[in-house]
Amino acid sequence: MRDLTLRPSPISSTVDFLAEGVQHGFLRLPYSRDDSAWGSVMIPVTVVKNGKGPTALLTGGNHGDEYEGPIALFDLARTLKAEDVTGRVIIVPAMNYPAFLAGTRTSPIDKGNMNRSFPGAPDGTVTQKIADYFQRTLLPLADIVLDFHSGGKTLDFLPFCAAHILPDKAQEAKAFDLVSAFGAPWSMKMLEIDAVGMYDTAAEEMGKIFVTTELGGGGTATAKSARIAKTGVSNVLRAAGILKGAVESATTTWLDMPDENCFSFAEDAGLIEPLFDLGDQVKKGEVVARIYPIGRTGVRPLDVAAKMDGILAARHFPGLVKAGDCVSVLAVET
Ligand SMILES: [Zn+2]
């Protein structure tokens, strides 16, 4: 249970979430530091409200080096008109704004990983204070939540929209309906390595319909991945009855991450040679990648073998790998 004696959030919003029309403003978090004694972190926010209807909470930049979400959401924030909306859309293109400004996964201020910081704390670090504001102020306003991710600098993914298997099957079915509507080339029934502290879990435990994405990676976006993100967010809003117009139909292939055998991790550091590319079929026992020791020549590389049959859905991105890095993720067609 949450501690009900928690102090109020230090974050104040310059937009009124109850007001009709389009508002652009900031979530202002006081942050006193060397270069600004009474300074603040200014997190951009847009709210578009028109009458009664459901609320969608749209977020990007949960990790600061993932760009499809911020591209789609900065674009949507500048173009969405109140008359095209029934209900309310709250847009935060860069949730962990300090990380987004630095181009890093975690915050340069406190090393906070936003997606491991929930439920957050109003008297914690900057990252924990932002998480607490989402936990206690923004998530309770929402009916549906779309949180954009991609692989960041260290992973690359097949472009997919995803939701989790949930104990509440009605909630799960609504989330998979929105995944379908998003219309990414791939759709995933997602398994988490470590769900504690995730925004996903916080939203799902509140009964919200939560969908997420992994739309590429490598610390950049492509024309294709940006297009998928922009089409996807409009489709989700249309499917939820918030945005006028019909969902653009698209063919998607459903994938499932059945158990932890889908993940392979490096047991040594070195130079990684991929033997399969994203989307390739891999058989159990086949070598997905080789890791060459780089201290000297003449040493056998370490083989990283697939622990199941599947499609390569994600891979390590940089050319050098460290012990413990995720090398590959396999998924199976459902
Ligand atoms: Zn992410």
Side-chain angles (χ1 to χ4, degrees), residues 43 57-74 91-118 120 126-128 130-131 134-135 138-139 145-164 175 179 182 184 186-204 210-222 225-226 228-230 232-233 236 255 257 262-263 265 278 313-318 324-329 331:
I43 304 165
L57 175 58
L58 310 174
T59 47
N62 178 324
H63 294 126
D65 60 350
E66 304 172 3
Y67 295 100
E68 286 80 3
I71 290 168
L73 296 181
F74 273 112
I91 305 170
V92 183
M95 196 178 178
N96 195 343
Y97 195 62
F100 176 70
L101 284 184
T104 51
R105 180 174 182 81
T106 61
S107 174
I109 297 172
D110 53 25
K111 294 291 167 199
N113 179 341
M114 182 62 71
N115 224 23
R116 300 292 181 277
S117 298
F118 279 80
V126 164
T127 307
Q128 288 168 338
I130 298 171
F134 274 83
Q135 175 83 30
L138 294 182
L139 279 176
V145 182
L146 167 58
D147 185 39
F148 279 99
H149 288 259
S150 35
K153 286 176 180 161
T154 65
L155 290 171
D156 196 14
F157 283 88
L158 282 180
F160 64 78
C161 185
H164 297 109
V179 171
F182 188 99
W186 306 84
S187 298
M188 183 75 83
K189 295 181 176 172
M190 203 167 180
L191 178 71
E192 296 297 342
I193 294 178
D194 173 18
V196 174
M198 290 181 71
Y199 180 49
D200 314 43
T201 312
E204 287 160 356
F210 183 90
V211 295
T212 185
T213 70
E214 298 289 357
L215 292 178
T220 190
T222 64
S225 66
I228 293 167
K230 288 167 70 170
V233 66
V236 164
L255 297 173
M257 292 161 68
C262 60
F263 301 106
F265 297 93
L278 293 179
R315 49 153 283 192
H316 186 265
F317 189 77
D325 284 356
C326 182
V327 168
S328 63
V329 182

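Atoms within each ligand, like the ligands themselves, are counted from 1 in listed order.
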Test applied, side-chain contact (heavy atoms from CB on, under 4.5 Å); reference residue, T127; option that passes from N96, I109, T106: N96
Would you mind naming the N, O or S atom of H149 nearest to the Zn ion (ligand 1)? ND1
Among the N, O or S atoms of H63, the one nearest the Zn ion (ligand 1): ND1
If I take every N, O or S atom of E214, is at least one of them less than 2.8 Å from the Zn ion (ligand 1)? no
Pair E68 + K230: basic N to acidic O under 4.0 Å: no
Under a 3.5 Å threshold, yes or no: a donor from one side chain and an acceptor from the other, between T59 and D147? yes
Between F210 and H164, what is the ring plane arrangement, given parallel below 30°, perpendicular above 60°, and tilted in between? parallel
